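Data block below; observations after.
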Amino acid sequence: MTAINEVTDLRIEGDVAIVTLNSPPVNALSANVRTGLLEGVTAAEANADARSIVLICEGRTFIAGADITEFGGKGPAGASLTDVQSAMQNASKPVIAAIHGTALGGGLEVALCAHFRVAVPSARCGLPEVNLGLLPGAGGTQRLPRIVGVETALEMMTSGRHVPATESLELGLIDELAEEGALLEGAIAFAHKVVEEGRPLRKVDESNEKVEAARGKPEIFEKFRAGIARKARGFLAPEYNVRCIEAAVNEPFAEGLKTEGRLFMELMTGEQSAAQRYSFFAEREVWKIPDVPRDTPKLPIESIGIVGAGTMGGGIAMNFANIGLPVILIERDQAALDKGLAVVRANYERSAKRGRLTADDVETRMGLLSGSTSIEDLASCDLVIEAVFENMAVKKEIFADFDRVLKPGAILATNTSALNIDEIASATKRPESVIGLHFFSPANVMRLVEVVRADHTSNEVIATSMALAKRIGKMAALVGVCRGFVGNRILAPRQMQANELLLEGAMPWDVDRVLFDFGFPMGPFAMSDLAGLDIGWSKETSKGETLRDVLCEMDRRGQKNGRGFYDYAADRSSSPSPEVEKVILDFAARSGKAPRKVSDEEILERCVFPMINEGFKILAEGKAIRASDIDVIWVNGYGWPVYRGGPMFYAEQVGLANVLEKLKQFEKDFGEAFAPAPLLEQAVAEGKSCRELGF
Ligand code: HSC
């Protein structure tokens, strides 16, 4: 065995040279990996005993891509990826990439320069650069369509999907499956076979058949663009990926590579990719809790109880049934229970209809759900979640019951989005077991969970809750107890400003358009219409004091009855309502404000800057661990466009000093709602980012 460098070894087994990379955690293509690869392959090529070269990785995965931390830095040192790829492709001996874990991005692009690829059945291959606001910049855009064809390449590169090994085999991305756990043996056997059969050394660059088949058919691309338009709205990277495949079809290989390089650099140096790369790391950091070490013991969670089988309780239950955990749902009476379970079944059956589940899956999942009208039946649960309506007295009663019924050590969680969890915990003699698990509606779909740490919540309960959230495929952020926790607390000032703007001369559709164009899936008024304007409104107590009261009194209750802030057609398309416009103008006149033209810029800043300000207050109060956690919450729970990173990242892109200056101006013009957070003032005074301030 020869050590090539600190991450690469070369050894000769019989007549096979084995180049092994070992650069934890994911063998990303950092400078020493590229150098090791180049020197390893070169040495293997020069070794007189070796008749073939196997490239394999130690650890959990094959190369998972370029080292993202190198992007946006000083520029790469060490060997270039192009030199590595040329050395492999131009080797006179067969080079075989042996893949386990994931061959992603630059990792797959390296593997595509081997003459052959062998993988274990659990391996996956993909070009997920699009999810980082990028495109494959090491020849992947030109080589992938040459192997899998144009349509599949378009789909793979714009979705970033990790393609399972069996499918990769069918697509020709890999040549042979090795036995699970015996990758090296399989790759060596394959290498022997290739040498014995004298197979020609395949260079993907030279096979043009599949790209030529799409030449002169621009409709392939137009149809594809139309198909992804909705999902890709606002993003640059999907379109740039498509353009590269167009180049693969219409230009010679070398020219296509140049187009790829130019578009890659444009994306890599742009704001969108910076935001998406930031998001990638933020979504990994969010799991790290400074005072709850990684090795904190976790409690075993094998059975769940949920009190409340309404929309929220049922949705939460589905998350656990989906991963095979039994759930018992508690309701006051059998009718409510039956209704709740019927809704869950209908949800599953809808998924089955869309081909996402089989009929058997539906039955298996429903088989894990049981119901009861007695809270005593929760006795053996490891975790219970209260998901009833927001009433402190009722919740305290339920938690007193939990305390009485549940075994010691069980986790007692509340799904409250508004109430003080410390007060709820005070109804028990075990506040250390009490935590908030704030799911978002629909809970079976929405990715975010705010894990809310109360005053006495134990580290074990926090660690277990975070791990459980990961197990059910959610993105979790640990937050502290405060009004609205982190997500809704930041939403409140936006909502307030959106309403204020209507009194000053903007219309709901103006505000919605500005926020939609910013990248939100919908604006606040379209959102209210979707949720229903009458949530929490009652005819008996309504006094026509707010715009919402007036609209509800006019039976404008939102999408559900075809009339809200907007008018809705039968196909649910919306149009501005002249009636609402008149109501708003009357309402504004009554409030004594003279209508004025509000610019789009002002709408955006009035809505977004107070959110940022609130974020700074949250950080100063210690209710979120880091600024990036706030961003994870807003991207995953509230539709903040990931290509703008999140409110706190966006603030730094705009410039904290600019945000502060505007807030001060707004404070002068519109009052104390805009009073800047002291932490924001400190950041600007010291010229520091949130991270530099320790957040
Ligand atoms: C790319 O490849 C561009 C190319 O086209 C080349 C362009 C050429 C440029 C030419 C210039 C002229 N880098 O996710 P986990 C860290 S773009 C650095 O928790 P899992 C991660 O932060 C890349 N670090 O593990 C974490 O660190 P921590 C395309 C990376 O088992 C640790 O590894 N590739 C990293 O759940 C574990 O990660 C991708 O987009 C990277 N590439 O999932 C793949 N990847 O422990 C991105 C991971 O300190 N990675 N880390 O928190 C993934 O999707 C997942 O990490 C895996 C593993 C599925 C690999």
Side-chain angles (χ1 to χ4, degrees), residues 7 21 23-34 37 57 59-86 99-113 122-144 153 156-157 159-164 237 240-241 244 257-269 272-274 276-290 294 466-467 470-471 473-476 626 628-629 632 642:
V7 296
L21 284 176
S23 181
V26 296
N27 290 307
L29 289 161
S30 49
N32 53 1
V33 170
R34 294 192 303 269
L37 256 174
C57 292
R60 69 218 255 192
T61 180
F62 189 75
I63 304 164
D67 183 346
I68 311 165
T69 59
E70 278 186 354
F71 293 164
K74 289 188 281 293
S80 82
L81 205 46
T82 317
D83 288 345
V84 171
Q85 291 174 305
S86 302
I99 299 171
H100 75 292
T102 46
L104 298 177
L108 181 59
E109 291 174 294
V110 164
L112 292 182
C113 289
S122 60
R124 284 168 301 148
C125 298
L127 293 177
E129 284 87 343
V130 69
N131 296 325
L132 297 168
L134 293 170
L135 55 86
T141 67
Q142 305 304 296
R143 293 191 177 100
L144 187 71
M156 277 180 66
M157 279 166 47
S159 69
R161 187 166 69 91
H162 299 181
V163 179
Y240 278 41
N241 273 275
C244 285
L257 274 188
K258 281 187 201 155
T259 302
E260 176 193 274
R262 185 171 48 78
L263 295 181
F264 177 84
M265 287 311 288
E266 210 181 298
L267 288 178
M268 207 259 278
T269 52
Q272 288 205 355
S273 177
Q276 288 178 257
R277 295 188 321 256
Y278 160 85
S279 232
F280 175 86
F281 290 113
E283 289 186 355
R284 280 152 183 84
E285 208 173 356
V286 74
W287 301 97
K288 297 172 191 161
I289 303 164
R294 209 174 252 218
M466 294 295 286
K470 193 171 240 183
R471 228 171 123 193
K474 299 289 185 196
M475 187 58 66
R626 350 169 155 76
S628 62
D629 288 7
V632 167
V642 63

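Remember, it's 1-based here, ligands and their atoms both numbered in the order they're listed. Predicted model only: the values in this text are computed from it and were never measured.
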Checklist line | Minimum heavy-atom distance Leu108-Ala103, with the two atoms named | finding: CB-O, 3.6 Å
Margin query: So Gln142 and Cys244, do their side chains get closer than 4.5 Å, heavy atoms only?
Written below: yes
Check: Between Ala66 and ligand 1, which part of the residue brings a heavy atom under 4.0 Å of the ligand: side chain, backbone, both or neither?
Finding: both
Check: Below 4.5 Å, heavy atoms only, C-beta onward: do Leu134 and Met268 meet side chain to side chain?
Finding: yes
Notebook entry, point to check: Is there a heavy atom of Arg60 sitting under 4.0 angstrom from any atom of ligand 1?
Noted result: yes
Next item on the list: Report yes if the side chains of Pro136 and Leu144 come closer than 4.5 Å at any heavy-atom pair, otherwise no.
Entry: no
Check: Any sub-3.5 Å donor-acceptor pair from Glu70's side-chain atoms to Ala31's backbone N or O?
Finding: yes
Notebook entry, point to check: Distance under 6.0 Å and angle within 45° of the ring axis: does Arg277 meet both against Phe281?
Noted result: no
Check: So is there a nitrogen or oxygen of Ile68 less than 3.5 Å from a nitrogen or oxygen in ligand 1?
Finding: yes
Note to self: Would you say that Thr141 contacts Leu127 through its side chain, given a criterion of any heavy-atom pair below 4.5 Å between the two side chains?
What the structure shows: no
Notebook entry, point to check: For ligand 1, which atoms have a heavy atom of Lys288 less than 4.0 angstrom away?
Noted result: 28 (P), 49 (O), 52 (O)
Next item on the list: Only heavy atoms count here, so choose which of Ala64, Pro24, Ala103 is nearest to atom 60 (C) of ligand 1.
Entry: Ala64
Next item on the list: Number the atoms of ligand 1 from 1 as they appear, then name those within less than 4.0 Å of a heavy atom of Thr102, with their elements.
Entry: 60 (C)
Margin query: Quick check on contacts: which atoms of ligand 1 are under 4.0 angstrom from a heavy atom of Phe281?
Written below: 22 (O)
Notebook entry, point to check: Are any of the side-chain heavy atoms of Leu37 and Ile63 separated by less than 4.5 Å?
Noted result: yes
Notebook entry, point to check: Which of the atoms of ligand 1 are close to Phe264, meaning less than 4.0 Å from one of its heavy atoms?
Noted result: 7 (C), 9 (C), 11 (C)
Item checked: For Glu109, the ligand 1 atoms whose distance to one of its heavy atoms is below 4.0 Å -> 4 (C), 5 (O), 6 (C)
Note to self: Heavy atom to atom 29 (C) of ligand 1, shortest distance: which of Gly160, Pro136, Gly105 holds it?
What the structure shows: Gly105
Margin query: Using side-chain heavy atoms (C-beta onward) and a distance below 4.5 Å, is Arg124 in contact with Phe62?
Written below: no
Note to self: Within ligand 1, which atoms have a heavy atom of Leu132 less than 4.0 Å away?
What the structure shows: 17 (S), 23 (C), 40 (O)
Check: For ligand 1, is Gly140 a contact, meaning one of its heavy atoms is under 4.0 Å away?
Finding: no
Checklist line | Gly137 N/O under 3.5 Å from ligand 1 N/O | finding: yes
Check: Which one of Asn27, Val26, Asn32, Val33 satisfies the side-chain contact (heavy atoms from CB on, under 4.5 Å) criterion with Leu29?
Finding: Val33
Check: Thr61: heavy atom below 4.0 Å from ligand 1, yes or no?
Finding: no
Notebook entry, point to check: Is there a donor-acceptor pair under 3.5 Å between the side chain of Thr102 and the backbone N or O of Leu104?
Noted result: no
Margin query: Nearest non-hydrogen contact with atom 3 (C) of ligand 1 belongs to which option: Glu285, Met268, Glu129?
Written below: Glu129
Item checked: Ala28 N/O under 3.5 Å from ligand 1 N/O -> no
Next item on the list: State the atoms of ligand 1, each with its element, that fall below the 4.0 Å cut-off from a heavy-atom position in Phe280.
Entry: 22 (O), 45 (N), 47 (C), 48 (C), 50 (N)
Margin query: Please list, in number order, the atoms of ligand 1 under 4.0 Å from a heavy atom of Asp67.
Written below: 13 (N), 18 (C)
